[in-house]
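Residues: numbered from 1 along the sequence shown.
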Amino acid sequence: MTKAPEIEFPCRYPIKVICRMDDGVATRVIETVRKHAPDVTPDDITTRASSDDKFVSVRINLMAQGPVQLKQMYDDLMTDAAVRMVI
């Protein structure tokens, strides 16, 4: 079995959050990420609606400090009923 490559922290770390279209969902996602990575700027964020406007993806390139931070952020993001997936 191949061992996954280790990530050296701190590092730039891209995440993508797929959400059901819902009023304010992108704002909630960004606020949750900023709770864990307060240095995220508007330049680090892109959003895109699906072609049928049922989903929205929020891409954020953040400065990750370690696996604990990423796990806590993932857990917080998944508490939002509109969030379907965090990649």
Legend entry - Residues, nucleotides or ligands: over 12 heavy atoms within 6.0 Å of Met21 CE: yes

Inset, instruction - Would you indicate whether Arg48, at its atom CZ, is surrounded by more than 12 heavy atoms from other residues, nucleotides or ligands within a distance under 6.0 Å? - result: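 Result for CZ/Arg48: open.
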
Legend entry - Tyr13 and Ile7: CA distance, side-chain angles, deciding distance, side-chain contact (heavy atoms from CB on, under 4.5 Å) verdict: CA-CA 10 Å; Tyr13 193 88; Ile7 299 172; 3.8 Å; yes

Inset, instruction - Would you indicate whether the side-chain heavy atoms of Val17 and Val83 approach each other to under 4.5 Å? - result: yes

Legend entry - Student check: side-chain heavy atoms of Asp76 and His36 closer than 4.5 Å: yes

Legend entry - Taking every non-hydrogen atom, the tightest pair across Arg84 and Ala81: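 Nearest pair, atom of Arg84 first, then Ala81: NH1-O, 2.9 Å.
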
Please determine whether residues [X] and [Y] belong to a single hydrophobic cluster, defined as Ile, Leu, Val, Met, Phe, Trp and Tyr linked transitively by side-chain heavy-atom distances below 4.5 Å.
| X | Y | value |
| --- | --- | --- |
| Ile45 | Val33 | yes |
| Ile30 | Phe55 | no |
| Val58 | Met78 | yes |
| Tyr74 | Ile15 | yes |

Inset, instruction - Would you please say whether a donor-acceptor pair under 3.5 Å links the side chains of Asp43 and Thr41? - result: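 Per modelled atom types, Asp43 and Thr41 side chains form no pair under 3.5 Å.
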
Legend entry - Evaluation steps, side-chain contact (heavy atoms from CB on, under 4.5 Å), between Leu77 and Val29: CA-CA 7 Å; Leu77 287 165; Val29 165; 4.0 Å; yes

Inset, instruction - Take Val86 and Met73 through the side-chain contact (heavy atoms from CB on, under 4.5 Å) test and state the conclusion after the steps. - result: CA-CA 10 Å; Val86 180; Met73 183 173 51; over 6 Å; no

Between [X] and [Y], is there a donor-acceptor pair closer than 3.5 Å when you use the side chain of the first and the backbone of the second?
| X | Y | answer |
| --- | --- | --- |
| Arg28 | Asp23 | yes |
| Arg34 | Val40 | yes |
| Gln65 | Phe9 | no |

Legend entry - Atom pair CG/CG of Asp80 and Asp22 - distance to nearest 0.5 Å: 7.0 Å

Legend entry - Spacing of CD1 belonging to Ile87 relative to CE belonging to Met85, to within rounding of 0.5 Å: 5.0 Å

Inset, instruction - State whether Asp44 and Arg12 are salt-bridged, where the test is any N-O pair (Lys NZ or Arg NE/NH1/NH2 against Asp/Glu carboxylate O) under 4.0 Å. - result: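 Between Arg12 and Asp44 there is a salt bridge, with a charged N closer than 4.0 Å to a carboxylate O.
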
